[in-house]
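The block underneath contains the structure these notes are about, expressed in C-alpha cells.
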Amino acid sequence: MKITDVEAIILRQPVLDEGIADGSQDDLVIRIHTDEGITGIGEVDSSPEAVHALVSATSSHAIAHSFHSLLVGEDPTDIERLWQKMYRGMNYIGRRGIALHAQSGIDIALWDIKGKAAGKPISELLGGAIHDRVRAYASMLMPDTTEETAERVSALRDDGFTAIKLGWGPLGKDPKHDVRLATAAKEAAGDGDILIDAGHGYGADAKTAIGVARELEQLGVYWLEEPFEPDEYEAYAELADTVDIRVTAGEQDTTVWGFRELIERGHVDLVQPDVTRCGGITELIRIGALAREHGVETVPHAWKSGIIKAASLHANAVLPDATFQEYCVADTPINQTLVKERMPLDADGFVAVPTGPGLGIELDEEVLERYRVS
Ligand code: MG
C-alpha cells in the first residue's frame, strides 16, 4: 500500500470567539489517501492555517521538508519509520510546536489506515486493550458566577458524569473568587469529583497558587491543572512539593523530551499529553511509559472533535494506569457533530473504547463540507 495524498482540511464555525479558550470552534482535519482506497483521518489542535502550510508547502532542503513530500509514495503502515522520517525531515522547522502538532495529526491518520487495513481497532494494534472503557470527566469552561457554576455542574451530574472539570474563564484573576467558584462546583457535584484547570492563571506566582491549592485541598478537589505558564518548571516544583492536591500539566508539551523536562523539573503528579499535539498516538504511548517510570499518571488532554476523543480512547485503552478520558462538552458543531459516533456515557459514567477498525469512527461529510474553509 502507498500513500497517494495528504490533505489538510481547515474547518471553522461561522462566528468564532477568539477571547475564550475553546479550541473546538475550528479544526484542522488530516486525511491521508492510499492507492488501495483506504483513507485515514486525524486531527490537529493548533493554528489550522499554519499546519496547512507545513503539510502542503514546497520542500526547502533535507531537514526542512513538507509533510506532503515526505509521505507521498510511502507505505502508511510503517508508522514508526515514518514518525522518525517526519521528525528528522522537519528538524529545522520542527522538533516542538506546530511541526510536531502537524505530525501528531498525521500519525493518528496513519494508525487509522493501519487499523482499517488489518480490520482491527488501533487499541489492538497497540498490544491489546487493557481497558474496554474509561471513566469520563466532563470538561467545560469555568463560568463567571457561582450560580451558573452550580447550575452547570448539577446538569452534568444529571447527564451521568461522575467527574467534572472547570477551566480557564475567570480563573487566576482573583484567588478568593477562584475558591468561591470551586466551592460552588464541589457543593453542586455531591459525591462527584471536581477538577480545576487554572489555565496558566497564576503566571509564575507559586505563593498565590499554594494558597489556592490548600483551599482546594480542604474542599476535596481532585486536581489543580496548569496553574502556571508551561515553562515555569520551578513554580510547578515548588507547588507540587508543598501541597497534597494533585498538580497536573502538559497539554502544551510535545515529545518525550518535553515531558521528561516537565516531570523531572516540574515534579507534577500527572501529565496530560494531547494526542493531536504531543507527537500522535505513537509518542503518547512513549510519554505514558516515561511517566509511569517516574510514578506519574497520564491523562490525555482532549478538546476538539470526536476524532481526538476516539484517538485518546485508543491510547487510554493501553495505558495500564488510565484514570480518565477527558470528555469535552462544548456546545460547538465541531465537537458535537463532526464524527457520526456520539460516544455516549454508560450507566457508570464511563465511555467505551471504539471497537471498529482503525479509530472506529466515521466523519460526517456533510458537516465537514459545511464548515470547510479550504
Ligand atoms: Mg487544560
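Keep in mind that what you see is a predicted model, and the values were worked out from it rather than measured. The figures here come from the full heavy-atom set of this structure, side chains too, leaving out hydrogens, waters and symmetry mates. All ligand and atom numbering here is 1-based and tracks the order in the structure.
A salt bridge links Glu49 to Arg12: one of the charged nitrogens lies within less than 4.0 Å of a carboxylate oxygen. A salt bridge does not link Lys309 with Glu341: none of the charged nitrogens is closer than 4.0 Å to a carboxylate oxygen. Between Arg286 and Glu283, at least one side-chain nitrogen of the basic residue sits less than 4.0 Å from a carboxylate oxygen of the acidic one, meeting the salt-bridge criterion. Contact check on Asp274 versus Lys304 returns no salt bridge, with no Lys/Arg side-chain nitrogen under 4.0 Å from an Asp/Glu carboxylate oxygen. A salt bridge between Lys85 and Glu74 is present, with a side-chain N of the basic residue lying under 4.0 Å from a carboxylate O of the acidic one.
Around the Mg ion (ligand 1), the protein N, O or S atoms found under 2.8 Å comprise Asp197 OD2, Glu225 OE2, Glu251 OE1.
By the salt bridge (charged side-chain N to carboxylate O under 4.0 Å, His left out) test, Glu36 is found to be paired with no residue, residues two or more places apart in sequence or in another chain being considered.
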